[in-house]
Amino acid sequence: MSKLVIPQIFRETAKKYQNNDALAKKDQVTEQYKFITYQEVQERVNCLASAMLEFKLEKDEKVAVMSENSPEWVISDLGLMSAAILNVPVYPTLTYFQLEYILNNCGARGIIVSNDVHYQKVVKLFDKAEHLEFVIYVDDVKKVEHSRVKTYSFAEILELGKNNLEKNKTKIDERTESIQEEDVCSIIYTSG
């Protein structure tokens, strides 16, 4: 057994149960659930971690996640942790002003959003969130071009990570192994 560190424990679980269903998402059209296995989740986690390395994020830098519960939220959380990047989960119901405060206070370099409603809230902050460099969206959005803040789809990020995974695999392993049990893995701003 490894240290009690989330990404290491998940790796062991994914290896042990690789062919078992891990996560599901309801298809909007058919209303049927589509399942992905532990192995598929681990592959996507590695791809997301690899993409974050391509963005030159260092250990303990921050990326916010504004999303409802979904497989992409879990993949984002584990992918960020696997690259020793701190997840800053933010409530999807936050106001524009609360989101501005959190992004600036923690120094988030990126944010992952689930849909266009959340994306448009972030768009208003492109010139006010001083550290923000990228937005990743899960469901389709009305994309806005900006000179500093770039927008990518979740699929594009996974593809970027996959295309560079061989190059980044050792660094991801090193980052995951470098995490200690007492290290911070997430910064959570409370509603109060």
Side-chain angles (χ1 to χ4, degrees), residues 6-7 44-68 70 72-139 141-161 163-164 167-168 171-172 174-176 178-180 182-192:
I6 295 168
R44 293 174 192 182
V45 163
N46 289 340
C47 289
L48 191 126
S50 175
M52 294 302 101
L53 295 182
E54 289 302 301
F55 286 166
K56 308 292 186 230
L57 270 73
E58 298 295 329
K59 185 178 192 298
D60 294 335
E61 289 201 276
K62 291 94 177 168
V63 173
V65 178
M66 182 166 55
S67 173
E68 297 77 17
S70 68
E72 292 83 7
W73 195 102
V74 174
I75 291 163
S76 297
D77 190 40
L78 290 168
L80 294 170
M81 280 191 272
S82 294
I85 295 166
L86 304 181
N87 177 7
V88 182
V90 293
Y91 294 110
T93 56
L94 287 180
T95 68
Y96 159 84
F97 297 108
Q98 292 167 318
L99 183 59
E100 178 185 6
Y101 172 80
I102 290 171
L103 293 179
N104 283 323
N105 183 261
C106 75
R109 289 195 44 203
I111 185 168
I112 301 168
V113 299
S114 60
N115 59 45
D116 192 53
V117 171
H118 305 148
Y119 177 74
Q120 295 306 325
K121 206 180 285 188
V122 175
V123 165
K124 293 178 185 176
L125 298 172
F126 278 1
D127 293 320
K128 295 182 178 185
E130 58 194 63
H131 302 283
L132 195 64
E133 297 173 14
F134 62 89
V135 181
I136 300 167
Y137 63 88
V138 176
D139 295 334
V141 299
K142 293 178 190 95
K143 226 168 147 177
V144 174
E145 298 297 324
H146 190 267
S147 60
R148 179 176 51 89
V149 183
K150 304 301 178 207
T151 300
Y152 307 91
S153 72
F154 200 77
E156 287 174 313
I157 291 301
L158 293 182
E159 189 67 24
L160 172 67
N163 292 340
N164 292 283
K167 173 182 76 168
N168 291 327
K171 183 132 183 143
I172 294 167
E174 288 170 359
R175 289 243 189 130
T176 299
S178 76
I179 300 168
Q180 300 301 309
E182 61 277 355
D183 288 350
V184 174
C185 72
S186 185
I187 298 174
I188 300 172
Y189 288 80
T190 66
S191 59

- Counting only heavy atoms not in K143, do more than 12 fall under 6.0 Å of its NZ? yes
- Task: Can you measure from CD1 (I112) to CE (M66) and round to the nearest 0.5 angstrom?
- Result: 11.5 Å
- Query: Under 3.5 Å, is there a donor-acceptor pair between the side chain of K121 and the main chain of P92?
  - Reply: yes
- Message: Closer than 3.5 angstrom, by distance alone: can the side chain of D77 be matched with the main-chain N or O of W73 as a donor-acceptor pair?
- Response: no
- Item | Student check: side-chain heavy atoms of L48 and L158 closer than 4.5 Å | yes
- Query: Between the main-chain N or O of H146 and the side-chain N or O of K150, is there a donor-acceptor pair closer than 3.5 Å?
  - Reply: yes
- In sequence, state the C-alpha distance, the side-chain angles, and the governing distance for C185 and I6, and then conclude on side chain to side chain contact (heavy atoms under 4.5 Å, CB included). CA-CA 9 Å; C185 72; I6 295 168; 4.2 Å; yes
- Query: Hey, is the main chain of S178 close enough, under 3.5 Å, to the side chain of Q180 for a donor-acceptor pair?
  - Reply: yes
- Could you label the plane-to-plane angle of the F126 and Y119 rings as parallel, tilted or perpendicular, counting under 30° as parallel and over 60° as perpendicular? perpendicular
- Message: Within the structure provided, determine whether S76 and F154 are in side-chain contact (heavy-atom separation under 4.5 Å).
- Response: yes
- Message: Other residues, nucleotides and ligands only: do more than 12 of their heavy atoms fall within 6.0 Å of OH on Y96?
- Response: yes
- Would you confirm whether N46, through its side chain, and A49, through its main-chain N or O, come within 3.5 Å as a donor-acceptor pair? no
- So, for Y152 and F55, which heavy atoms are closest and what is the spacing to 0.1 Å? CE1-CZ, 3.6 Å
- For the pair V135 and V141, evaluate side chain to side chain contact (heavy atoms under 4.5 Å, CB included) and give the outcome as yes or no after the intermediate values. CA-CA 11 Å; V135 181; V141 299; over 6 Å; no
- Task: State, with a plain yes or no, whether a side-chain heavy atom of E72 is found less than 4.5 Å away from one of I136.
- Result: no
- Task: Can you measure from CD (E145) to OG1 (T151) and round to the nearest 0.5 angstrom?
- Result: 7.0 Å
- Task: Look at the side chain of S186 and the backbone N and O of N87, then say whether any donor-acceptor pair between them is shorter than 3.5 Å.
- Result: yes
- Message: Looking at N104 and E130, would you say the former's side chain and the latter's main chain have a donor-acceptor pair under 3.5 Å?
- Response: yes
- Task: Kindly indicate whether the side chain of I157, heavy atoms from C-beta on, has any atom under 4.5 Å from the side chain of F134.
- Result: no
- Side chain of R175, backbone of L53: donor and acceptor closer than 3.5 Å? no
- Under a 4.5 Å cut-off applied to non-hydrogen side-chain atoms, are H118 and E68 in contact? yes
- Quick one: pull up CG in N105 and CD in E100 and give me the separation to the nearest 0.5 Å. 11.5 Å
- Note on the structure: Distance col, row Y189:OH vs L103:CG, nearest 0.5 angstrom, shows 8.5 Å
- Shortest non-hydrogen contact from V184 toward I187: CG1-CG1, 4.3 Å
- Message: Could you measure the distance from the CG atom of N163 to the OG atom of S50? Nearest 0.5 Å is fine.
- Response: 8.5 Å
- Nearest-0.5 Å distance that lies between atom CZ in R148 and atom CD in E133: 8.0 Å
- Query: Considering the options I172, I179, L80, V45, which one meets the side chain to side chain contact (heavy atoms under 4.5 Å, CB included) requirement together with P7?
  - Reply: I179
- Query: Is there a side-chain contact between K167 and E54, using heavy atoms and a 4.5 Å cut-off?
  - Reply: yes
- Within the distance-only criterion (no hydrogens, no angle test), does the side chain of N164 pair as donor or acceptor with the backbone N or O of L160 below 3.5 angstrom? yes
- Task: State, to 0.1 Å, how close R109 and E61 come at their nearest heavy-atom pair, and which atoms those are.
- Result: NH1-OE1, 2.7 Å
- Query: Under 3.5 Å, is there a donor-acceptor pair between the side chain of Q120 and the main chain of K142?
  - Reply: yes
- Message: Could you check whether any side-chain heavy atom of L132 comes within less than 4.5 Å of a side-chain heavy atom of V122, counting everything from C-beta outward?
- Response: yes
